[in-house]
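Here the structure comes first, spelled out in structure tokens, and everything after it is commentary.
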Amino acid sequence: MLTKIYTAAINGIDAFPVTVETEIWKGVGFSIVGMADTAIRESYERMLSAVRHSGFEFPHYRITINLAPADIKKEGAQFDLPMAVGILSSAEAVRCDDLSQFMMTGELSLDGTVLPVKGALPMAIKAREMGIRKLIVPEGNVTEAAVVNRVEVYGVKNLREAIEIVEGRSEMRPVEIDTRALFAAAQDDFDFDFSEVKGQETVKRAFEVAVAGGHNIILVGPPGAGKSMMAKRLPSIMPPLSMAEALETTKIHSVAGKLSRGSMLMTRRPFRTPHHTVSPVALVGGGASPMPGEISLAHNGVLFLDEFPEFPRQVLEVLRQPIEDRVITVARAKYTVNYPASFMLVASMNPCPCGYYGHPSRPCTCTPGSVNKYMNRISGPLLDRIDIQVEIEPVTFDDMADPTPTEGSAPIRERVIRARQIQQYRYRDIPAIHCNAQMNTRLLKKYAWPDPEGMTKLKERMTKLNMSARAFDRILRVARTIADLEGAPDVRASHIAEAISYRTLDRGTYGSTF
């Protein structure tokens, strides 16, 4: 008897349908065809034990399983459950009038327990696209998959529960989640707040501007100045995720297996902090079994690279293309996958090897020329993609001892949201442009060109500070964001002046003030 059951496999961050075709006939043998990997080919022993522990007799006939489409490689143990149900259905030990209404996924333990799998959310989205009414997933994945509406999602503990659902004998109800209520309740739940930061008002303002316009930012300062501490508070002032952004972000983490058991929709923007020993593959994604890398896990959030010059040059250079294109294409001999990579890059670094170049009270012990050598670890093209460059000085004792409350994250976030709303309206008819940091030259001339006084100020400061030509566009983008934070329709000289102050590393006399 021939049976067909739907399941799904992952390509990139999306699922594609796979039909598990099972046929049993006279003879002895077991074979799986359809470009199955080792984990799938080893499923026979898992299914044999799981079926027996579930109270069924495993059929001793010639069993052939085809995973269609047969020309695409299938990987992972998530095919165990649909293959086991298909075998029992072909042997007429399980009776179901219409298996086409089901999609299922799950890895089987030897005792019949259904173990969690990666990518349950994109599978649920694919089931809805295909018009499949019922989705059976492991109990550990049910809340993740249930955020997709118009699909009945059942979480099963073992093979027997899945069979009872297929046969219509189960009293189990599909899991329902009010995603919008969950989404709204968790929007303002943050572990860190800018009210805990003493002093550093200039840096807080720079963060506000960076988030408001989606600009990349680098902090340069001595050890202990608060670079990492302030960066960790960045998510608390970022605009809330939209429902579409939350689904896309959750899909990436689901495929990568980064969601904890019982997780639902991600409601906060990701904040990824890879160590400087990270490899290029771990950063961009790929591998023998392709998985999203750190830049994709930071999609719609922040990628924080602490001790920026300590990252290998090869690792840093792979950031250039995804920063510009906001997508990463991983091409290998056997596969090509695309991962989204629209992230905000936040980097921090010491100003020199010893860390005290330009320190107000501690002398720098570095040899002559070592400061430039240290800075040259970061290439010009990469630095060119960082709009805001800020020097951060140590916090004084008076600032630390001051009991006066400082501004918290909530009012800063309100200003950021208003500025983002202005940008969303401005670029509403322009595909792939959502914030000021994404403006091209044509849009800069249309929306960010300063008034005559502002242009005069820009020329004067760029000449005086010996800034490079690449700083011109960056200054205009940041100035447009500063104007948006004020609600100003035009870019004025004051906006230009503040934007120029955020170009520390472009000055010919780095380390000086003006």
Side-chain angles (χ1 to χ4, degrees), residues 13 190-192 203 206-220 227-239 241 245-246 248-253 255-256 258-259 266 268-287 291-330 338-349 377-379 381-390 416 434-438 474 505:
I13 65 167
F190 298 103
D191 297 327
F192 303 104
V203 183
F207 270 139
E208 179 181 341
V209 173
V211 174
H215 305 285
N216 300 321
I217 182 172
I218 184 169
L219 303 177
V220 185
K227 302 185 293 295
S228 301
M229 182 266 290
M230 296 187 70
K232 290 178 180 178
R233 284 153 177 77
L234 197 58
S236 67
I237 65 172
M238 297 189 75
L241 285 167
E245 287 177 327
E248 187 176 35
T249 305
T250 309
K251 278 174 61 178
I252 297 170
H253 287 251
V255 169
K258 300 297 183 181
L259 295 180
M266 292 183 65
R268 287 190 283 181
R269 294 183 181 272
F271 185 85
R272 305 295 300 182
T273 59
H275 192 259
H276 60 76
T277 57
V278 66
S279 69
V281 172
L283 193 66
V284 304
M291 284 292 165
E294 288 293 332
I295 62 175
S296 295
L297 293 172
H299 180 64
N300 291 324
V302 174
L303 178 67
F304 177 48
L305 301 182
D306 201 5
E307 304 296 342
F308 202 40
E310 301 301 328
F311 285 79
R313 185 69 170 259
Q314 182 184 7
V315 171
L316 293 181
E317 291 306 299
V318 302
L319 289 171
R320 289 162 53 179
Q321 180 263 332
I323 286 176
E324 289 292 324
D325 299 340
R326 298 183 181 270
V327 65
I328 181 70
T329 300
V330 181
N338 295 314
Y339 294 120
S342 181
F343 59 90
M344 178 179 169
L345 175 63
V346 180
S348 69
M349 59 179 290
R377 294 184 184 181
I378 307 170
S379 70
L382 178 58
L383 198 61
D384 183 36
R385 289 162 170 80
I386 302 178
D387 293 349
I388 298 179
Q389 309 157 358
V390 183
V416 166
H434 307 289
C435 58
N436 291 333
Q438 300 171 337
R474 305 290 170 181
L505 303 183

Gap between atom [atom2] of [Y] and atom [atom1] of [X] - 0.5 Å precision:
X    : Y    : atom1 : atom2 : result
L259 : T250 : CG    : OG1   : 6.5 Å
D191 : R233 : CG    : CZ    : 10.0 Å
T273 : L305 : OG1   : CG    : 9.5 Å
M266 : K258 : CE    : NZ    : 12.0 Å
I295 : F343 : CD1   : CZ    : 5.5 Å
Y339 : I328 : OH    : CD1   : 10.5 Å

Which pair of heavy atoms, one from [X] and one from [Y], lies closest together, and at what distance?
X    : Y    : value
G286 : V281 : C-CG1, 4.1 Å
P235 : F271 : CG-CD1, 3.7 Å
A256 : M291 : CA-SD, 4.0 Å
I386 : N216 : CG2-O, 3.7 Å
H215 : V209 : CD2-O, 3.6 Å
T249 : H299 : OG1-O, 3.8 Å

Legend entry - salt bridge (charged side-chain N to carboxylate O under 4.0 Å, His left out) pairs, two or more places apart, involving residues 308-323: E310-R377, R313-E317, E317-R320
[X] vs [Y] side-chain heavy atoms within contact, under 4.5 Å:
X    : Y    : answer
P239 : V211 : yes
L241 : R268 : no
R269 : V302 : no
I218 : I388 : no
V315 : S279 : no
F207 : V346 : yes
Q389 : L383 : yes
V416 : M238 : no

Inset, instruction - Could you list the residues that satisfy side-chain contact (heavy atoms from CB on, under 4.5 Å) with Q314, not counting sequence neighbours? - result: P280
Legend entry - E294 side chain vs G285 backbone, donor-acceptor pair below 3.5 Å: no
Legend entry - Sidechain-backbone polar pair: R326 side chain, P322 backbone, donor-acceptor under 3.5 Å: no
Legend entry - Trace of the side chain to side chain contact (heavy atoms under 4.5 Å, CB included) decision for L382 with I323: CA-CA 9 Å; L382 178 58; I323 286 176; 4.1 Å; yes
Inset, instruction - Have a look at S348 and tell me which of E307, M230, K227 forms a side-chain contact (heavy atoms from CB on, under 4.5 Å) with it. - result: K227
Inset, instruction - In sequence, state the C-alpha distance, the side-chain angles, and the governing distance for F311 and H276, and then conclude on side chain to side chain contact (heavy atoms under 4.5 Å, CB included). - result: CA-CA 5 Å; F311 285 79; H276 60 76; 3.7 Å; yes
Inset, instruction - Test side chain to side chain contact (heavy atoms under 4.5 Å, CB included) on N436 and D387 and set out the steps. - result: CA-CA 11 Å; N436 291 333; D387 293 349; over 6 Å; no
Legend entry - Electrostatic pair D384-R474, nearest N-O below 4.0 angstrom: yes
Legend entry - CA sep, side-chain torsions, deciding dist, call: L219, M349, side chain to side chain contact (heavy atoms under 4.5 Å, CB included): CA-CA 6 Å; L219 303 177; M349 59 179 290; over 6 Å; no
